[in-house]
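Data first, discussion second: the structure below is written as structure tokens.
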Amino acid sequence: MIPTAKEAPADAEAPSHKLLVRGGFIRRVTSGVYQYLPLGWRVLSKVSQIVREEMNAAGASEMLMPALAPTELLKETGRAEDYGDLLFRFEDRHGRDCYLGPTHEEVITDMMRQAVSSYKQLPLNLYQIQTKYRDEFRPRAGLLRGREFLMKDAYSFDISLDGLNAAYDKMYQAYVNVFTRCGLDFTVVEAEAGPIGGSASHEFMVNCATGEDTIMVCPSSGYAANVEKCEIGERAEPSGGFFVGEPSGELDEMHTPDCPSIEDVCKFMKVKPKNMLKTVVFKVVKQSEEEEKGYPGDWWVVAVVRGDHDVNLGKVSAISESKLQLADPAEAKAFGFEIGFVSPRAAVGKHQTLMIVDPDAAVGMDAAKGKPMFWATGADKKDHHVKHFNWQRDLGKDPVAANKDSADCFFMTGSIRNAIEGDPSPRAKGVALEAKRGIEVGHIFKLGAKYSSAMGFRVSGEDQQLHDVIMGCYGIGVSRAVAAAVEMSCDDDGIQWPAAIAPYHVLITVMKPGDAKSAEVAQQLAQEISDAGLDVLIDDRDERPGSKFKDADLIGVPMRVTIGEKGLAEGAVEVKLRSDRQSKGSFVAIGEATAKCVEAIEGT
RNA sequence: CGGGGCGUAGCGCAGCUUGGUAGCGCGUUUGACUGGGGGUCAAAAGGUCGCAGGUUCAAAUCCUGUCGCCCCGACCA
């Protein structure tokens with residue numbers, strides 16, 4: 001049952017999607033949901049087995065949790081809300097609220113709090129390999145982002161932070177082992193913890209130009225992080241100081257109708273995005289208690305970056321030491337912020353407003369050209385923008401002086417944007433960050449006590465007191481790893497599986513299926529190769545040679561053994577590596593073919 | 001959730017503007033030739049044209065509604 005197809009389904013775009021469908025590995029059942037045909041299941045099983053072996057070696061125990069669970073569990077941690085529409089939810093016949101697990105922190109913590117009550121039972125690490133459900137806004141690219149997918153999730157439980165760190169390091173190493181064994185080319189990057197929460201996090205990214213995620217790497221120090229997390233090295237202060245510089249011209253207001261994006265505005269005004277100031281308004285949801293006391297009431301944070309840069313909420317939050325959310329346009333307007341057309345001037349004179357300007361935006365002089373910096377920005381009224389904005393002139397006071405006045409701290413500079421290629425590395429002086437694309441196949445988190453404290457999972461410690469259990473969680477997208485392997489290594493003709501996860505190691509192609517001698521040699525070779533520990537598939541279909549070779553290349557079995565008349569006449573068969581695109585393959589004596597295969601597979 | 005597009009045979013598509021017998025390629029089945037990179041010839045099977053209404057003597061085609069799917073963006077592991 002290997003239904004191959006000449007043409008890819010019309011809805012497939014990504015190479016892995018097209019090739020896995022064409023090669024008869026998977027078929028779509030509905031949006032974001034796939035079935036694994038025998039070939040696909042073999043690959044998936046091989047990846048699972050590698051994961052299983054490495055998890056076991058790292059001291060984790062396999063178990064299986066249900067995909068179906070009561071929503072009450074998620075309500076304990078507030079994630080029923082946090083997940084929102086991403087969660088598959090429904091009522092059973094009795095009207096009880098249920099969900100299909102997108103991940104299993106609550107389910108396992110519920111089990112553990114019943115089963116574990118003493119520090120003597122810890123540490124523990126439990127994992128499962130199971131189907132997960134996430135009702136993605138937009139499933140895409142076949143197995144790369146599905147609504148149902150296979151995932152390995154592990155959870156560690158420790159009594160102390162030291163214990164967590166040890167468990168985390170062990171998992172980190174296990175992940176390196178897993179992806180190395182799978183033959184994947186990957187980079188480990190620092191990551192934001194995201195909605196799962198916690199204190200530290202790493203992502204394992206398969207390096208691949210078609211990847212969805214952008215990662216930043218420092219070629220010198222080895223530092224790597226995803227764009228959201230990536231720090232930016234110190235940016236030099238202009239010689240004259242931030243904000244200092246003469247105006248580049250008279251403030252020039254323009255009518256800019258129907259320009260919702262920076263790009264549109266730039267096109268309309270004939271200005272480059274890097275000469276725009278982008279101003280994003282946040283409302284403070286929660287601030288530190290100290291500030292709360294000193295300045296009760298609503299606070300606003302105005303973030304200013306260059307038009308070609310993106311504001312990073314995490315960084316703004318960190319610098320302002322408060323929890324933020326994007327301002328509601330109507331509410332902000334009432335306070336004097338015309339969202340979409342806000343300029344830094346809007347912050348002037350407002351109380352309880354903190355303006356943070358990214359260093360690249362806080363420039364008054366264009367050092368390269370040796371003349372005043374030209375800035376365009378919003379005009380603080382609907383459908384209008386201005387040219388020749390100048391920090392010192394247009395803020396109505398000297399921003400530098402304002403910044404130094406501790407009593408009026410509404411103005412500061414800070415690194416608040418996403419890193420982009422060419423930014424200074426945070427770990428090596430004078431080195432520029434490089435941007436790469438990747439596919440996230442693994443993610444590990446230090447959760448701390450987020451779930452245990454929310455769900456009341458405490459154990460008594462040596463000191464006879466109750467302690468929140470310290471948790472970590474560790475995920476591998478098994479089905480996504482399969483797709484990533486294809487994205488990473490394929491060509492126009494098909495897939496090139498790494499040997500460790502190939503559905504079969506050797507494909508024996510019988511040129512004359514009806515021929516008794518050919519059949520005999522095929523059977524004999526298959527037995528030998530199988531006895532040598534390799535997986536063998538025989539293609540004895542009554543097809544044209546061309547079709548067979550095309551299919552062989554498509555399904556991507558690493559080693560091909562061809563039994564044909566030419567060779568048989570001399571007691572030989574032809575062996576060829578899938579990765580070898582040029583040569584015709586070489587003839588070897590039938591007796592040596594097995595050794596040749598073993599050598600080739602072990603060598604990869 | 002915004003923008004764009006698509007639902008006609010297992011797969012890929014045409015037909016729709018201007019309503020009138022359901023078409024092509026691949027695949028499948030049968031036979032013959034052929035036999036080292038998707039071969040040739042001949043014959044055959046296979047479709048309530050996504051679904052529901054409406055207009056009409058007549059609807060794949062026009063109108064309304066609805067469902068499903070894909071791509072881009074936003075968002076996200």
Side-chain angles (χ1 to χ4, degrees), chain A residues 3-14 17-18 21-22 24 27-33 82-87 101-105 132-142 144-147 149-153 189 191-198 201-205 211-213 226-228 260-261 263 310 313 326 438-445 473-481 484 492-494 509-515 518 539 541-554 560 562-568 573-574 576 581 584-585 587:
Chain A
T4 56
K6 223 167 172 177
E7 290 174 278
D11 55 20
E13 196 101 319
H17 187 189
K18 283 186 194 166
V21 172
R22 280 188 56 205
R27 283 286 168 92
R28 192 180 69 86
V29 175
T30 184
S31 176
V33 179
D82 292 352
Y83 261 108
D85 291 338
L86 203 60
L87 196 66
T103 170
H104 280 71
E105 283 80 5
K132 293 287 188 281
Y133 299 86
R134 295 186 190 177
D135 197 359
E136 292 287 346
F137 291 121
R138 187 153 92 83
R140 72 187 98 173
L144 278 177
R145 178 178 297 275
R147 297 195 297 167
F149 57 99
L150 194 66
M151 175 167 162
K152 186 282 307 181
D153 46 326
V189 306
E192 292 287 352
I196 293 186
S201 176
H202 285 88
E203 287 174 345
F204 292 74
M205 313 285 292
E212 280 195 293
D213 300 306
N226 67 21
V227 255
E228 289 79 34
S261 73
E263 213 167 277
D310 288 319
L313 175 58
L326 265 180
I439 300 166
E440 182 190 350
V441 290
H443 201 158
I444 57 179
F445 303 83
C473 79
Y474 316 91
I476 290 179
V478 178
S479 45
R480 183 183 275 184
D492 290 344
D493 289 325
T509 306
V510 183
M511 298 309 297
K512 287 187 75 173
D515 180 56
S518 296
D539 182 358
R541 295 173 301 165
D542 184 17
E543 288 287 338
R544 310 276 309 175
S547 310
K548 292 186 168 192
F549 291 140
K550 286 290 184 189
D551 278 347
D553 288 344
L554 178 59
R560 196 178 79 202
T562 308
I563 298 175
E565 270 182 313
K566 287 183 199 166
L568 279 186
V573 293
E574 183 192 342
K576 184 174 182 305
R581 306 300 293 136
K584 284 285 200 180
F587 284 96

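Residue numbering restarts at 1 for every chain, and letters A, B, ... go by the order of the sequence lines. All heavy atoms count here, side chains included; hydrogens, waters and symmetry mates do not.
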Checklist entry - Is there a side-chain polar atom (N or O) of A:T30 under 4.0 Å from OP1 or OP2 of B:rG68? => result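 The answer is no; no side-chain N or O of A:T30 sits under 4.0 Å from OP1 or OP2.
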Nearest to the side chain of [X], which nucleotide is it out of [options]?
X	options	value
A:R140	B:rG35, B:rA74, B:rG38	B:rA74
A:K550	B:rC76, B:rC70, B:rG37	B:rG37
A:R22	B:rG38, B:rC69, B:rU34	B:rG38
A:D551	B:rC69, B:rG38, B:rC76	B:rG38

Measuring only the [atom1] atom in each nucleotide, how far is [N] from [M]? A whole number of Å is fine.
N	M	atom1	answer
B:rG10	B:rU48	P	9 Å
B:rG7	B:rC49	P	15 Å
B:rG65	B:rA58	C1'	23 Å
B:rG25	B:rA14	P	15 Å
B:rG47	B:rU8	C1'	8 Å
B:rC67	B:rA52	C1'	10 Å
B:rG5	B:rA9	P	22 Å
B:rG4	B:rA74	C1'	15 Å

Check this for me: does the side-chain of [X] come within 3.5 Å of the base of [N] through a donor and an acceptor?
X	N	result
A:R145	B:rC76	yes
A:R544	B:rG39	yes
A:R28	B:rG68	no

Can you tell me how far apart [atom1] ([X]) and [atom2] ([Y]) are? Round to the nearest 0.5 Å.
X	Y	atom1	atom2	value
A:D551	A:R541	CG	CZ	4.5 Å
A:L554	A:S547	CG	OG	12.0 Å
A:N226	A:H202	CG	NE2	11.0 Å
A:K550	A:R544	NZ	CZ	14.0 Å

Tell me: [atom1] of [X] to [atom2] of [N], nearest whole Å?
X	N	atom1	atom2	result
A:E543	B:rG38	CD	C1'	9 Å
A:H17	B:rC69	NE2	P	13 Å
A:D542	B:rA32	CG	C1'	14 Å
A:M511	B:rG39	CE	P	13 Å
A:R541	B:rG37	CZ	C1'	13 Å
A:D135	B:rC1	CG	P	11 Å
A:L86	B:rA74	CG	P	17 Å
A:D310	B:rC76	CG	P	12 Å

Next on the checklist: Taking A:T509's backbone N and O only, do any of them form a donor-acceptor pair with A:R560's side chain (distance below 3.5 Å, no angle check)?
Outcome noted: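 No.
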Checklist entry - Would a distance-only check, ignoring hydrogens and angles, find a side-chain to backbone donor-acceptor pair under 3.5 Å from A:R134 to A:L86? => result no
Mind checking who [N] pairs with, Watson-Crick or G-U wobble, both distances under 3.5 Å?
N	result
B:rG31	B:rC41
B:rU21	none
B:rC62	B:rG54
B:rC16	none
B:rC6	B:rG68
B:rC76	none

Item to check | For A:A14, all residues meeting side-chain contact (heavy atoms from CB on, under 4.5 Å), sequence neighbours excluded | outcome: A:S16, A:H17, A:A141, A:E487
Checklist entry - Sequence neighbours excluded, which residues qualify as side-chain contact (heavy atoms from CB on, under 4.5 Å) partners of A:D213? => result A:M205, A:E440
Next on the checklist: Classify A:F149 by what it touches in the nucleic acid, base, sugar-phosphate, or nothing, heavy-atom distance under 4.0 Å.
Outcome noted: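 Touches a base.
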Checklist entry - Counting any heavy atom closer than 4.0 Å, what does A:G564 reach on the DNA or RNA strands: base, sugar-phosphate only, or nothing? => result base
Checklist entry - How do A:I563 and A:E212 order along RNA chain B: which one's closest nucleotide is nearer the 5' end? => result A:I563
Checklist entry - More 5' along RNA chain B: A:R27 or A:E203, using each one's nearest nucleotide? => result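 Nearest-nucleotide comparison on RNA chain B picks A:R27.
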